[in-house]
Every structure is written in structure tokens, then in C-alpha cells.
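I have placed the structure first, in the form of C-alpha cells, so that the comments after it can refer back to it.
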Amino acid sequence: GNDGGGGGVIVALRKERLDHDTEEDGILVVVGDHFNYIRGRALAAPSLDQEHYENATSLVTLVDAALEAGDRETAIAWLGRIQAGHGCIGKDHTWKIDCAIEPWKEGSLLFQESDVAVVVDGTDVSDCTVIWNDERWNVFDTSLENVEQVKDLFEK
């Protein structure tokens with residue numbers, strides 16, 4: 001497949017969560033010079049009317065139950081808890097969002113250079129953690145072969 005001229009780069013990051021009930025989840029995938037991201041809130045996070053939907057086992061079942069009950073406000077509030085989009089990494093190393101669930105983010109940068117750092121707990125790519133907005137993102141899978149390549153992707 002075409003990776004958009006990114007030289008075969010494939011990286012998947014997963015946001016580290018210490019508390020799976022209250023911390024948001026996140027995934028960032030890079031293929032070539034394209035990226036996709038999604039961030040969502042944990043189901044147990046506080047919500048206006050979540051107690052009315054205590055049998056919900058996922059975001060999908062909660063939203064469906066709210067809509068069936070005619071509670072559009074709760075459905076919208078929960079759907080608004082998802083951030084997701086697509087973008088491209090420019091030759092100037094900017095990560096520009098070109099399509100997003102939140103349309104006002106289109107044309108903006110996924111992160112500023114000062115928002116990101118690569119931390120290595122060992123000597124291997126599998127020991128890398130990307131710090132993004134003071135959150136730890138673990139390298140889940142990658143085609144990159146060494147720590148310097150990870151740093152080059154995120155810290156230029």
C-alpha cells in the first residue's frame with residue numbers, strides 16, 4: 001500500500017492508563033506521513049445522567065440507551081467525549097489535522113514540538129515512551145528499528 005511517501009514508517013502508540021476506570025484511553029497510529037488518532041473518556045468518568053444508565057457496559061450501549069429514552073442531551077454529551085481525526089506529517093515536521101470529529105480542529109496541529117518528548121527507559125524501541133501533553137504513550141508496535149528513529153519522528 002501507499003504510505004504517502006513516509007518511507008515505510010509504521011508506529012502505533014497507546015496511552016498509558018494507571019486507572020482504567022477514570023482515565024481516558026487513546027491510540028495514535030502513524031503510517032508513512034499519515035496519522036490517525038482517537039482519544040476517549042473512560043465509561044466510569046462523571047457524567048450528568050450516567051446513573052440513569054447504570055446497566056450500560058460500553059459507550060455504545062450508554063448512547064443507545066439515552067437515545068431510546070429520548071435523552072438526546074446525554075447522548076451528545078457522551079459522544080462529545082471522543083476526539084478523533086486524521087492528518088499528515090509535513091516536510092517541516094508539523095503534524096497537521098485535515099479531518100476531525102471536532103471540525104474546529106481541522107487545520108490545527110496535533111501537537112507542538114514543545115508538547116512532545118521521547119523517554120527511553122532502556123536501550124530498545126520497545127522501552128520507548130512518548131510524552132505528549134504530560135501523558136505517557138507507550139510504543140505498542142513499530143517498524144522503526146532504534147530509539148533515534150522514534151526521536152526523529154516525534155521530536156524534530
Side-chain angles (χ1 to χ4, degrees), residues 1-47 50 53-54 56-64 76-156:
N2 182 0
D3 71 2
V9 171
I10 298 171
V11 178
L13 302 177
R14 179 89 189 253
K15 185 181 172 296
E16 185 176 287
R17 296 186 302 164
L18 301 177
D19 183 341
H20 288 272
D21 289 332
T22 60
E23 286 190 63
E24 66 185 27
D25 199 0
I27 297 173
L28 172 64
V29 176
V30 179
V31 177
D33 59 359
H34 293 260
F35 64 86
N36 287 293
Y37 67 94
I38 186 164
R39 295 173 61 118
R41 303 287 190 259
L43 187 59
S47 174
Q50 184 183 351
Y53 306 105
E54 58 195 27
T57 57
S58 69
L59 179 61
V60 173
T61 59
L62 189 145
V63 170
D64 286 348
I76 289 171
W78 276 95
L79 287 174
R81 300 174 71 83
I82 299 170
Q83 302 171 15
H86 171 271
C88 290
I89 304 168
K91 298 215 183 296
D92 59 355
H93 204 69
T94 55
W95 293 54
K96 191 172 190 177
I97 299 168
D98 60 20
C99 183
I101 288 177
E102 303 152 305
W104 59 89
K105 288 193 174 184
E106 292 176 9
S108 68
L109 298 180
L110 182 63
F111 51 75
Q112 304 291 332
E113 185 177 335
S114 60
D115 295 339
V116 179
V118 176
V119 175
V120 182
D121 296 327
T123 58
D124 193 273
V125 173
S126 64
D127 297 325
C128 284
T129 301
V130 175
I131 306 296
W132 171 19
N133 290 328
D134 297 322
E135 298 173 327
R136 295 175 64 88
W137 292 70
N138 298 316
V139 176
F140 187 75
D141 195 11
T142 185
S143 66
L144 301 177
E145 297 177 359
N146 60 57
V147 172
E148 289 307 312
Q149 291 176 330
V150 177
K151 287 184 177 186
D152 286 347
L153 179 63
F154 289 99
E155 291 186 335
K156 278 194 175 171

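Because the structure is a prediction, the values reported are computed rather than measured.
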**Q.** Side chains of I82 and I38 in contact at under 4.5 Å (non-hydrogen atoms)
**A.** yes
Q. Are the side chain of T129 and the backbone of W137 linked by a donor-acceptor contact shorter than 3.5 Å?
A. no
Q: Report yes if the side chains of F111 and F154 come closer than 4.5 Å at any heavy-atom pair, otherwise no.
A: yes
**Q.** Main-chain N/O of L153 paired to H93 side chain as donor or acceptor, under 3.5 Å
**A.** yes
Q: Compare all side-chain heavy atoms of L28 with those of V130 and state whether any distance is below 4.5 angstrom.
A: no
**Q.** Test item: L13 and V139 side chains (from C-beta on) under 4.5 Å apart, heavy atoms
**A.** yes
Q: List in chain and number order the residues that pass ring-ring contact (aromatic ring centres under 6.0 Å, His included) with F35, two or more places apart in sequence or in another chain; answer none if no residue qualifies.
A: W95
Q) Nearest heavy-atom pair of I89 and G32: which atoms, and what distance? A) CD1-O, 4.4 Å
Q: Verify, without hydrogens or angle tests, whether D124 (side chain) and S126 (backbone) share a donor-acceptor contact under 3.5 angstrom.
A: yes
Q. Does N146 have any side chain to side chain contact (heavy atoms under 4.5 Å, CB included) partners at least two apart in sequence or in another chain, and if so, which?
A. E148, Q149
**Q.** Heavy atoms of other groups near D134 CG, more than 12 under 6.0 Å
**A.** no
Q. Got a second to check how far H34's NE2 is from H86's NE2, nearest 0.5 Å?
A. 5.0 Å
Q) Any side-chain heavy atom of I27 sitting closer than 4.5 Å to one from F140? A) no
Q. Where the side chain of S143 meets the backbone of G8, is there a donor-acceptor pair that is under 3.5 Å apart?
A. yes
Q | Non-hydrogen atoms of I101 and P103 that approach each other most closely | A | O-CD, 3.0 Å
Q | CD1-OG distance between I97 and S108, expressed to the nearest 0.5 angstrom | A | 4.0 Å
Q. Is the backbone N or O of A100 less than 3.5 Å from a side-chain atom of E106, with the two atoms forming a donor-acceptor pair by type?
A. yes
Q. What is the distance from atom CG of D25 to atom CZ of R14, rounded to the nearest 0.5 Å?
A. 4.0 Å
Q) In Å and rounded to the nearest 0.5 Å, what is the NZ to CG distance from K96 to D33? A) 14.0 Å
